[in-house]
Structure formats: C-alpha cells, structure tokens
Amino acid sequence: MPEGGAAALPELLAAGLPPGTVHTGVRVTEASVSRVTTAEHGVFRCRSVVLATGARTAARLLPGLRTPAFHPVTVLHHTAPVAPTGDPVLLLESDPDGPVAHTAVMSAVDPGRVPAGRTLITSTVLGTPPDDTERRVRKHLATLYGTSTDEWELLALRHTPDAVPAMPPPHDGHRSVRLLAGLYVCGDHRATSTPGAPSPRATARPAPS
Ligand SMILES: Cc1cc2nc3c(=O)[nH]c(=O)nc-3n(C[C@H](O)[C@H](O)[C@H](O)COP(=O)(O)OP(=O)(O)OC[C@H]3O[C@@H](n4cnc5c(N)ncnc54)[C@H](O)[C@@H]3O)c2cc1C
C-alpha cells in the first residue's frame, strides 16, 4: 500500500519522464500497431502500442482477446473514536465465511490519508457480499480487533462487481504481453489479478489471445 494511495506509484513513474509525455483523461476508441484513435483528441500515429486497459476494454479495442470472469470486491471505510490498534498491520481472516477477508487501520498505515486526529479503518469483503453487509462486517471487526465497534461510523461502502479477474485452474500466469511485433497487451488480466501478488515474468513468446 503506497503512501498517498495507489495513484502514488504511477505518478512517481510519470514524474521521471520528459514533460508532456503522459496525457491523462484521453479515451481511446480504436487501437492498432500504427495508430490510436481517441474520443476527444484525434488520432496519434505510432510505431507500437501497449494496451494497458482492463480486460473488457482491451477486448473491445482488440476483438478476439480473451475476457476472463471476474470476482466482486466490497470495501468498507469506517472511522472510530479511538483506533483499535496503532500498528500499521494487515489483519487476515482465515475463516472463509468471514465476511471480512482482511482489514487495516489505514490511518496507522498512512497517516497522510486522514485529517489529524481522525481514524480510518478499511476492510475488504471478497466475493458476493451478504445482505446485511455492514452489520455483519462491524460485528466481525469487533472480533478481529478485540474491541467494541458500536461507536464506529461507516464513511463509505463501495461494491465493485468486476473487481479482479478470476484465475481458475489451470491458470496461465505466463500469458504473453506481446501479441504481434509492436502490439502489446498488459494488465492484471494477462498475469495475476493483483499487483500485490507475485507476478510471473512477462515473456516475449507470441500468443494469439
Ligand atoms: C476494490 C478493489 C480493491 C483492490 N485492492 C487491491 C489491493 O489491496 N492490493 C492489490 O494489490 N490489488 C488490489 N486490487 C487490484 C488492483 O487494483 C488491480 O489488479 C490493478 O489496478 C490492475 O492494474 P492494471 O494496470 O491491469 O489495470 P487498471 O489499474 O484497471 O488500469 C487500467 C487503466 O486503463 C484506463 N482505460 C480504460 N479504458 C480506457 C480507454 N478506452 N482509453 C484510455 N484509457 C482507458 C483506465 O482509466 C485505467 O487507468 C483491487 C481492485 C479493486 C477493484
């Protein structure tokens, strides 16, 4: 979890490039080895293309590309009068019925994310969440942190149905990023479904999809 949030890493990478190299907020509508068409900024000619969108957009731009199934993820953000722990640790639940899979006091992990004196606890539910998600998560968090959560306040609950590509066995963790000379596709749908997992080395062997 980078300090400043997940965007901190790409921002650091972009900062090392010559000014004007990266354009954001540009929606690509067509892509090929030699040209990229955008919705609002015309056509860019090029010698090669790296397509790094999610799986569905990649398959729309390059028809025939495999689209995996997805797993849903629900993330809940609470604030508490007192942090249940001052340690910047990730608590993992071994019981698959959870419903919480993992939780962390984000204000301890990265104090810059919260106003001074506030606490932020972020918890993740994997898969389809139960009907009464917030009540069950709050009860589970009381057990995990060993403290009452009655005074905790829910700040946000975000459900993402297509959060992470499924990796049912046999999973090919070495799917090539190189489709053709000059045409590359990369992202969590090509290797492992999260940058938090060890990612297999990208290979240069050609692969059709
Ligand atoms: C709720 C949630 C929680 C997660 N938590 C964790 C976690 O704690 N740890 C962890 O390691 N992973 C986590 N993940 C997984 C992680 O976010 C993804 O694996 C990772 O972001 C995938 O990176 P990517 O570069 O493949 O794709 P993305 O990060 O999805 O990047 C794709 C980019 O393509 C852009 N794009 C899409 N269409 C177009 C278009 N037509 N034109 C131009 N640009 C386009 C998008 O705007 C986006 O910036 C989580 C995912 C979710 C949804």
Side-chain angles (χ1 to χ4, degrees), residues 1-14 21-32 35-44 46 49-63 65-78 88-93 98-110 113 120-129 133 137 155-167 171-179 183-202:
M1 186 58 72
E3 193 178 322
L9 193 56
E11 278 164 9
L12 265 179
L13 291 169
T21 306
V22 177
H23 300 263
T24 57
V26 179
R27 190 163 55 89
V28 173
T29 53
E30 283 175 48
S32 71
R35 50 185 270 157
V36 170
T37 307
T38 67
E40 308 89 356
H41 295 79
V43 174
F44 291 78
C46 53
V49 165
V50 179
L51 190 62
T53 67
R56 289 201 201 287
T57 306
R60 201 162 50 243
L61 293 171
L62 295 179
L65 217 56
R66 154 193 171 275
T67 308
F70 290 87
H71 291 304
V73 170
T74 305
V75 179
L76 295 93
H77 302 282
H78 287 94
V89 295
L90 185 69
L91 288 185
L92 301 171
E93 173 55 280
V100 175
H102 50 85
T103 177
V105 178
M106 290 309 298
S107 46
V109 175
D110 180 5
R113 288 191 198 200
L120 178 67
I121 301 105
T122 298
S123 312
T124 301
V125 174
L126 302 178
T128 305
T133 306
V137 164
L155 299 175
L157 182 157
R158 305 225 186 284
H159 178 68
T160 309
D162 288 354
V164 287
M167 302 195 302
H171 178 70
D172 181 3
H174 292 271
R175 195 168 281 112
S176 174
V177 298
R178 181 182 183 274
L179 296 193
L183 183 58
Y184 302 84
V185 181
C186 58
D188 56 3
H189 57 108
R190 302 297 296 178
T192 50
S193 300
T194 162
S199 188
R201 187 172 47 87

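One is the number of the first residue; the rest follow in order along the sequence. Quick caveat: nothing in here was measured; it's all calculated off a predicted structure. When a ligand or atom number is given, it counts from 1 through the structure's own listing order. Keep in mind that the numbers below use all heavy atoms, side chains included, and drop hydrogens, waters and symmetry copies.
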Determine, stepwise, if the pair Thr122 / Val109 fulfils side-chain contact (heavy atoms from CB on, under 4.5 Å). CA-CA 11 Å; Thr122 298; Val109 175; over 6 Å; no
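- When every heavy atom of Cys186 is checked against every heavy atom of Val50, the shortest pair comes out as SG-CG1, 3.7 Å.
- Set against the non-hydrogen atoms of Ala163, the atoms of ligand 1 under 4.0 Å away are 53 (C).
- Under 4.0 Å from ligand 1, the heavy atoms of Ala52 that appear belong solely to its backbone.
- Using a 4.0 Å cut-off to heavy atoms of Arg27, the atoms of ligand 1 that qualify are 41 (N), 42 (N).
- Atom NE2 of residue His102 and atom OG1 of residue Thr124 lie 4.0 Å apart, to the nearest 0.5 angstrom.
- Residues Leu179 and Leu65 have side chains in contact (heavy-atom distance under 4.5 Å, counting atoms from C-beta outward).
- Residues Arg66 and Arg175 approach most closely at NH1-NH1, 3.3 Å, considering heavy atoms.
- In the candidate list Val36, Thr53, Asp188, Thr53 is nearest to atom 37 (C) of ligand 1, counting heavy atoms.
- No donor-acceptor pair under 3.5 Å is formed between the side chain of Ser123 and the backbone N or O of Thr103.
- Minimum heavy-atom separation, Glu3 to Ala8: O-CB, 3.4 Å.
- Counting atoms of ligand 1 from 1 in the listed order, those under 4.0 Å from a heavy atom of Gly187 are 26 (O).
- Comparing Thr24, Thr124, Asp162, Val28 by heavy-atom distance to atom 40 (C) of ligand 1, the nearest is Val28.
- For Thr160, no nitrogen or oxygen atom sits less than 3.5 Å from a nitrogen or oxygen atom of ligand 1, counting backbone and side chain alike.
- Interface atoms of ligand 1 facing Ser193, defined by a heavy-atom separation under 4.0 Å, are 19 (O).
- Which parts of ligand 1 touch Val26 is read off a 4.0 Å heavy-atom cut-off, strictly below it: atoms 42 (N), 43 (C).
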